[in-house]
Each structure stands twice: as C-alpha cells, then as structure tokens.
Peer 1: 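Encoded as structure tokens, here's the structure I'll be asking about.
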Amino acid sequence: MPLSWNEIKARALQFSHEWADAVSEKAEGKSFCDAFFNVFGVSRRRVAAFETRVKKIDGKDGYIDLLWKGILLIEQKSRGKDLDCASKQARDYFQGLQDRDLPRYLLVSDFARFRLYDLEEDTQREFPLKDFYKNIRLFGFIAGYQTTSYQEQDPVNIKAAERMGRLHDRLKAVGYAGHELEVYLVRLLFCLFAEDTGIFERRQFQDLIEQRAAADGQDLAHWLGHLFEVLNTPLNQRLQTLDEQLAAFPFVNGSLFAEHLRTAAFDRPMRDLLLDCCALDWGRISPAIFGALFQSVMDPRQRRHLGAHYTTEKNILKLIGPLFLDDLRAEFDKVKNQRKRLDEFHQRLARLKFLDPACGCGNFLVIAYRELRRLELEILRALHQDPSKLLDVHTEIRCNVDQFYGIEIEEFPAQIAQTALWLMDHQMNLQVSEEFGQYFTRLPLTTTATIVHGNALQLDWRKIAPPADLNYILGNPPFGGKQFQNDEQKKDMACVFADVKGAGVLDFVAAWYRQAANYMAENPNIKAAFVSTNSITQGEQVAVLWPDLLKRGVKIHFAHRTFQWSSEARGKAAVHCVIIGFALHDTSEKRIFDYEKPQSEAHEIKAMNINPYLVDAGDIVIFRRGEPICLTASMRYGSKPADGGYLILSPEEKDVLLSIEPQAAPFIRTYIGSEEFINNKMRYCLWLVDCPPDLLRGMPNILSRVEKTRQFRLASTKAPTRELAATPSIFSEIRQPLGNYLAVPEVSSENRNYIPIGFLPFSVIASNLLYTIENATIFHFGILSSAMHMAWVRAVCGRLKSDYRYSAGIVYNNFPWPQNPTDKQKQAIEAAAQAVLAARGQYPDASLASLYDPLTMPPGLVKAHRKLDAAVDAAYGRRKFSGDSDRLAFLFELYQQINSPLVAKKLLRKKPKRQGSKSGAV
C-alpha cells in the first residue's frame, strides 16, 4: 500500500538534508537512487536497474545510470555539471531501447538540482534539492498516486483498442473464441489498467510476462492462468510455496477472475503484442471511452471505423446534466456552508439509484458515477477544509458502484460495463487519495454494479431494480429505423406495442420509452432521459408514439433539439439525435436546448411546456390527413414511374434517341424531382400517355425501353407492380397537373432558411419526389415561402438525416393558414411574393440551391424575403414575432383553435366532408 503524502513529504525533507553534501555520481549515485526511491516506499531493486547497457545513436555502447523500463530514466552528473548535457546524453540512449521500454519521465541531477521532464506532456520542472519536498507531487507516478486528465481525442484510445483488436484476432485464429475469449480479454484489460492505476504495482504485470514467460510465448498462457487464479484467491488462502512474484499480486475478487477458463495458447508474436499493449499508459484511458472502442474490436467490420459510433463524454453530459447533475450541484451550492444539511445531502447522494436499460459498455453509467464521485469529493472538501485533520478517509466515502444497474443484450459489453465501473471507482479513489494524502482503495472488490445480460424489451425491469428504490433511468438505446430492424427486433416491437395501431413505422428506440413509462408507473417520482433518433419527434412517428405516452402521464421536462452526435474517432458517424428527459409528473422548470445548426453549440430556452415536437406549446399531436384543415388548394405527389429507369432519360440519352427517332420528340418531356428542381439539373422522361399505338410500334428504340419496363415490373415481388406490366408504356402512378403548378421539393437541406419552391408549366412532368399544387396563386407561393411556414416545417416535418422531408399529409394539410386575412393583407403578401420572384429573376442562370445557400443568397433576395415574412406575419394578426419559437407557439395555438369543435363545425358548413379525414389533435 502506498505511503500517505504526509509521510512521503517528511521522507523527502529528510532525504534533502542527508544528501545535501553529495558530490560525485560515481561514488554516491547508486545509494542516492536507492534513497530517492525509498522516499516513496518503493524498492529500487524491484523496479529499476543500474547501468543498463544500450547502443547509442552513434553506434557506441552507453550505460544508463538507472532505467525503470517504460517509466523513468535517471542520468546523474557530479555537482555543478551542465544538466543540458546530461539531458542530451540521456536522450541518446533512446535509440538503443525498444519502443515499449522508452520512459515517459526523464530525471537529470547534479546532486544539487533536479530537473524532471515529462516527455509525453513536453514539460520540464527544475528545482534545488532543498525544495524536493515542495515539489514531491511531481513524482506521484513513483508512489502510485498519479492522476490523469482524460482527453477524448487522445490517440492512445484508438491505439489501445487496435492493439487489443490484433490480440483478439490472433487468439481467435488459434481456436480460442466465443465466451472464453471475451472473458479472457476483459481480464487482460483489467490487468493492463491495474498496473497503470495503482491497483498493481507499476509494471508488475509487464514484469511477470517479460521476466517469467519464455520469449517464444509457449508458456505465457500458463503464467496468465496461474495469475488469474491468484487474483481470485484471498491472501490467507494462498499456498505458502506460491511463487514470490505471483504472491505479490493483490486479491481482487469481484467475480471477474472466478470462472475457470480453458488455457489459451500464445506464440512469440502474440507475446510481443501483449507486451506492446503493456507499453501504453492505460492510466490515460478513461474506462468510459475505452469500453465502446474495445467492444468494436470484436467485429473487424466495425474496426475499420473504430469508434465511429462512440458516445463522447460531452454528449453524455448533455443528458445527465439536466437529468440530475445540475439539480444536485445547485442543491450542493445551497447547503455547502451548513454542515448538518451538507451531511444529509451526502447521505442522500449515496442512496441515489440509476438504471441504464441498454447500457452497452456502460459509458453512461461510468460517467454518471464519476460525476457523482466528483460531487462527493466537493462535499468532503467542504466538510474537511483541513485535510490533515481527517483521520480515516475510508469512512467518509459513501458513494459506490452498487448504486448502478444496467441491462445489455450482448454478454461481452455487459462484462466490460461492470469492469469499467470498478476501474472508474478505483480512479476516483486515487483522486480522493491525492486530495487527502491517505491511500484509499477498495480491494478486494466486495461491491458490484448490477449488470444483467439479457433483452431489455423482454425482461421485467422491476426484478432487476425495484422501482421503489430507483431515481433515474438513462441511456442511449439502439436507434434502428423500421427499415433497419431485424426479425427479432420487429418481434420485440410488435410485443411492446401490441395495442398501438401503426407501430410498424416506429424506430426501435421508441420501445424503451414505452417500457420506461410502464416501469415508472410504480414510482412516478422516477425521472428518465434517453438519447434518441430525431424521427420520434417528427413526422408520422409522433402520431403513433406520443398519444400513448401522453395518455400514460408522460411530461417532458427537458429536451435537446436535433444535434449531431459527434464521434472521437476516424470514420466519424454523422448521426442526428435528440435527447428527451421525461417523467410521470410535471415540473415548473422546463428546459429546451436549441441548436442553430446540428453542429452548433446549444443555447438554453426556458419553456412553459414541451410538446412531442420539442416545442414550447401545448401537448398537440399532428395526425396525417387527406385534405388541408383550412380552405386552401390541395397538394399532391408527382407521378411515379416504377420502371427500373427505362422510361427516364439523361440529356445525352435524349439527344441520341432523337437523332435516331426524331418522331419521338412530342413524347419526351422534361422530368423534375427535388434534386433537379433545386440544382437546375436536367432529366427527361418518355411520356407516352397519348402516344398512338401505331406510332409507338414505329419507334423500336422506345419500344425496347417499354419492353424492359414490362420485364422489370413482371420481376417484382409485389403483386400490384406485376399487374402494372400490362401497361408498360406509362408511369405506374400518374398525377400530373393539367394546369401550371407550384412545385415543392420533398427533400431540402436544413441549412437553408427557406425551402426553395417555384412555379412550373404543366408540360414539365413532376416526379414523385416533388409535390404539386395545381393552379396555385402567388398568394399560395407567398405563404409557403415565409418564415411562418418554415417554422411549422422545422417543427413537424420528417427528416432524412437532418434534411427536411416535406409531406402533404403531415405538414401541408395540417398547416394553419391565416384566418380571414383582409384584402389589403392579401395584396401585401402577393406584392412581397412577386418581389421575391423578381429578385430571383435577376439571376436567371443561378440554381435555387445557389440562390438559397445562406452563404451565397443575394442581398436583394434576402431583403425581399424579409418583407414577405413581415407581410405574412401581419396576416396572422401580429406585426412582430420574436422568432421561430414565438411563431410556433402561435401556430400550435391556432391549430388547436381550428380543430376545436366550434371552428371545425363552421369549416364543415363551407365544404363537404372528405372520406378518410382524421382529427388532427389529441
């Protein structure tokens, strides 16, 4: 067990006095080093060697004064000698060392001065020998007190996972696979962390491999197997004749080493690979970071994008902050100067219970536990402002890993989660030791987190964590859009949502919301928060998921609107997510975290209520409907070919076809979808609706395309498509307007302030990726081109990644148009809309993509749109809105008014009821 800092400091002061008169490294160097290590309670003979011979950079032999492989190199000179020369001489030795033996620290001394280099941090500190005791904490790495600040971008994270991945592959290749391999690797992972974080002595694991296992690796597995047994055996039960080096390892317990495994098999390259793993500084690796990376090494396909879906600590803190940590810190600030209340707060902190029902490698639980322990450390600082008066820090630490529960469907991540919590516990114990000068550790492991290997959608959560004891549910359940769900996941969804109509459209993550709401019914005080796909707050999924949750009493307490889920590794994943915090009770303190763009930083908005669209408005749910809720023109899809591409022509194909069959010209039309409309791209189609049969037979090239369309439809697995083979010359679904129309692209970038829309002649064929409003007026154009309409779009439309996915049934048909605008207001909108078209007309060759790119949008067009926004706002009865949030609150209120029975009755008198129309709100 390491000495306390107070004892180390006292020894350092004594060391300085005893060696104040030393002169020569030749005569006194060895004794000096022995005494130096003794300051920290470490036997120099066990860890470091004198006069290690190496080949210097000039090819000559050199002798290192003292080398602690991988950790420390000491070069000593006689009193008054140049320390720069000593440093250069020491660095010349590096050429002769293996990479894994290169030291992190370099210490040079002339018996009067110390200069310590940290070669990884590229820092140096120099001080006189008499001040050694004042600088003693610089040498905490010798005593086992080294603490680390973790960097998510630290390359050692990826390097460690890659090396473990190669070791995994080699073991698997020799036939050591499955459950045994997974447990074996978790044990090795623990040992690697242990020797760099003070659980083992420094290099204790590496020394065992290097000194006792043969260089060819043939007996390495036997040594490791023996070590695993020792780590699971209490000290008083070990054999008296046990090998001295093995006996020096501590008793770990905790079930990690309890299971008997087959003996593995190593060779020389595998032994070298394990030693390369040992050479890394595992103390720099946060268990929260490494867990997910380590999991990905098991799948070579994932390893190509190692860490691509890793959850960064920054994103985890976005969830746990508003879920519980912000409130706890605020409470701490209130009571920190009141000893009795602070002690009560400390006791309550130790009683909190957390469940992650899709915990993976445990990174949410690990970070939550770390933050809990950090807060506990602040409590201890406030309670014990003079650390030297704290007699026994062991009795003061109350938070422990048994406050945490997890469910994980895969066995290997579940094992990592439990191990990662132990490792985080130990690292937080080191911080306590550093703070109070008393070495604090929890060995053997007697307390464990409850991590259950199983399917969270089939298990009874109440049997894992009793609801009466639980405080928080949190995590990042699997996303899984409906098209990506496997058969097993679809069965789980069908079971969870057995009584919910239309649940087949839901993302997989939605099942955790239903399960959590069911569980929380037994303790409505529980709070929950999940990272989720933004799809469950947009488009058609809202109308399926949220009426059921609202009926069960769910109230949203906080929400992060759509943001980009960042990754710390190569092949970064661009996943767009939301975070939703909820409970079965209400709160007056509701928080919305909004993002200008998904990649932006959040800014916080206080809200009166947060609805399923993550908008500060009433709990409204927008259902798909067949006709607009207001008296306005209908919107329809464009035409769908279902042709295998044979009725569609590129400009080059059109030119070739017309050069061969010029009589086809009347039947080739411009064909426009979202991409073509926005980016001025040209495509064409064969529009053979009115083509006489004899003329068609006289165009063999076109007829060949028609035949290929027929064959394509016949080969379909869908019966309706096969039936369409009877009419192969025409599109499968024809919805082409008979007059000129307003075109609205189905997909548009979220970077634009407005969805680019425009008028097209009826001769241009609209594809099924373009919505059309036949015979639309400039007034329609003005309303749909306004900030008011865009606020509605951003809130309720579906998304493709983060791009807008417009729809008639959800967005357009539910949009609340201005109610009874005056003629003057209409004329103002029409004039402003015409000015927008005129501003666009000044750039006839520019695409809509260029005109509406925020970086290239012409100033004249920006000004025209602002005037249009003001005119539309005025038509809604408001001269000024503070922004989109204000507009949305107004629109949702107007939507409710329009859907109220009285207003709906008036509307029904004005137009006949349409079949299939649904109520638009719950």
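Owing to the predicted nature of the structure, the values given are computational and were not obtained by experimental measurement.
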Peer 1: Do you know the tightest heavy-atom contact between Leu138 and Leu116?
Peer 2: O-CD2, 3.8 Å
Peer 1: Between Arg373 and Ile397, is any pair of side-chain heavy atoms under 4.5 Å apart?
Peer 2: yes
Peer 1: Main chain of Phe114, side chain of Ser109: is a donor-acceptor contact present, judged purely on distance under 3.5 Å?
Peer 2: no
Peer 1: Taking the side chain as C-beta and beyond, is there a heavy-atom pair between Asn400 and Tyr369 under 4.5 Å?
Peer 2: yes
Peer 1: Contact between Arg11 and Glu7 at the side-chain level, heavy atoms closer than 4.5 Å - yes or no?
Peer 2: yes
Peer 1: Check whether the side chains of Lys69 and Gln206 place a donor and an acceptor atom closer than 3.5 Å, and report yes or no.
Peer 2: no
Peer 1: Would you list the pairs meeting ring-ring contact (aromatic ring centres under 6.0 Å, His included) in which at least one residue belongs to residues 258-277, sequence neighbours left out?
Peer 2: none
Peer 1: When Thr419 is tested against each of Thr448, Ile451, Val186 for side-chain contact (heavy atoms from CB on, under 4.5 Å), which residue passes?
Peer 2: Val186
Peer 1: What residues form a side-chain hydrogen bond (donor to acceptor under 3.5 Å, both in side chains) with Asp34, not counting sequence neighbours?
Peer 2: Arg44
Peer 1: Do Gln211 and Gln245 meet the criterion of a side-chain donor-acceptor pair at a distance under 3.5 Å?
Peer 2: yes
Peer 1: Which atom pair, heavy atoms only, marks the closest approach of Ala221 to Tyr184?
Peer 2: CA-OH, 4.2 Å
Peer 1: Could you pull out all residues at least two apart from Arg398 that satisfy side chain to side chain contact (heavy atoms under 4.5 Å, CB included)?
Peer 2: Asp343, His346, Gln347, Ala350, Glu376
Peer 1: Around atom CG of Asp99, are there more than 12 heavy atoms from other residues, nucleotides or ligands closer than 6.0 Å?
Peer 2: no
Peer 1: So, are Arg115 and Asp84 salt-bridged, with charged N and O less than 4.0 Å apart?
Peer 2: yes
Peer 1: Once you round to the nearest 0.5 Å, how far does CZ of Arg370 lie from CG of Leu377?
Peer 2: 13.0 Å
Peer 1: Is it true that Arg212 and Asp243 have a side-chain N and a carboxylate O under 4.0 angstrom from each other?
Peer 2: yes
Peer 1: Please walk me through it: do Tyr105 and Phe139 pass ring pair (Phe, Tyr, Trp, His ring centres under 6.0 Å)?
Peer 2: CA-CA 10 Å; Tyr105 299 96; Phe139 300 89; 8.4 Å; no
Peer 1: Quick check for you: to the nearest 0.5 Å, what is the distance between Arg104 atom CZ and Leu119 atom CG?
Peer 2: 9.0 Å
Peer 1: Could you tell me whether the side chain of Lys88 reaches within less than 4.5 Å of the side chain of Asp92, counting heavy atoms only?
Peer 2: yes
Peer 1: Take atom CZ of Arg381 as the centre, draw a 6.0 Å sphere, and report whether it contains more than 12 heavy atoms from other residues, nucleotides or ligands.
Peer 2: yes
Peer 1: Please report the shortest heavy-atom distance between Thr197 and His426, naming the atom on each side.
Peer 2: O-NE2, 2.5 Å
Peer 1: Picking from Phe36, Phe32, Phe132, what satisfies side-chain contact (heavy atoms from CB on, under 4.5 Å) with Trp19?
Peer 2: Phe32
Peer 1: Sub-3.5 Å donor-acceptor pair from the side chain of Arg271 to the main-chain atoms of Ala214, do we have one?
Peer 2: yes
Peer 1: Distance from Glu75 atom CD to Asp65 atom CG, nearest 0.5 Å?
Peer 2: 4.0 Å
Peer 1: Applying side-chain contact (heavy atoms from CB on, under 4.5 Å), run through Glu162 and Arg166 and close with a yes or a no.
Peer 2: CA-CA 6 Å; Glu162 287 176 334; Arg166 291 198 296 271; 4.3 Å; yes
Peer 1: Nearest 0.5 Å, what's the CZ-CZ distance between Phe190 and Phe228?
Peer 2: 11.0 Å
Peer 1: Given side chains that start at C-beta, do those of Thr233 and Phe257 come closer than 4.5 Å, heavy atoms only?
Peer 2: no
Peer 1: For a quick test of reading the model, state the closest non-hydrogen atom pair linking Ala420 to Cys361 and the distance between them.
Peer 2: CB-O, 4.3 Å
Peer 1: Does some side-chain heavy atom of Leu224 sit less than 4.5 Å from a side-chain heavy atom of Leu208?
Peer 2: no
Peer 1: Measure the CG-CG distance between Leu167 and Leu185 for me, rounded to the nearest 0.5 Å.
Peer 2: 6.0 Å
Peer 1: May I ask you to decide if Leu189's main-chain N or O and Trp282's side chain share a donor-acceptor pair within less than 3.5 Å?
Peer 2: no
Peer 1: More than 12 heavy atoms of other residues, nucleotides or ligands under 6.0 Å from CG of Asp122: is that the case?
Peer 2: no
Peer 1: Please name the pair of heavy atoms, one in Val401 and one in Asp425, separated by the smallest distance, quoted to 0.1 Å.
Peer 2: CG1-CB, 3.9 Å
Peer 1: When you measure from the side chain of Asp131 to the backbone of Lys134, do you find a donor-acceptor pair of N or O atoms at a distance under 3.5 Å?
Peer 2: no
Peer 1: Between the side chain of Asp118 and the main-chain N/O of Thr123, is any donor-acceptor distance below 3.5 Å?
Peer 2: no
Peer 1: With distance as the sole test, does Arg187 use its side chain to make a donor-acceptor pair with the main-chain N or O of Leu256 at under 3.5 Å?
Peer 2: yes
Peer 1: Side-chain contact, heavy-atom cut-off 4.5 Å: Cys278 with Glu195?
Peer 2: yes
Peer 1: Are the side chains of His226 and Val230 in contact, using a 4.5 Å heavy-atom criterion?
Peer 2: yes
Peer 1: Can you tell me how far the CD atom of Glu126 sits from the CG atom of Leu83, to the nearest 0.5 Å?
Peer 2: 5.5 Å
Peer 1: Are Gln431 and Gln427 close enough that a side-chain donor and a side-chain acceptor fall under 3.5 Å?
Peer 2: no
Peer 1: Testing the basics here: between Trp422 and Ser255, what is the closest heavy-atom pair and its distance to 0.1 Å?
Peer 2: CH2-OG, 4.2 Å
Peer 1: Any side-chain to backbone donor/acceptor pair from Ser433 onto Asn429? Under 3.5 Å, distance only.
Peer 2: yes
Peer 1: Using modelled atom types only, decide if a donor and an acceptor are shared between the side chain of Arg262 and the backbone of Glu180 within a distance under 3.5 Å.
Peer 2: no
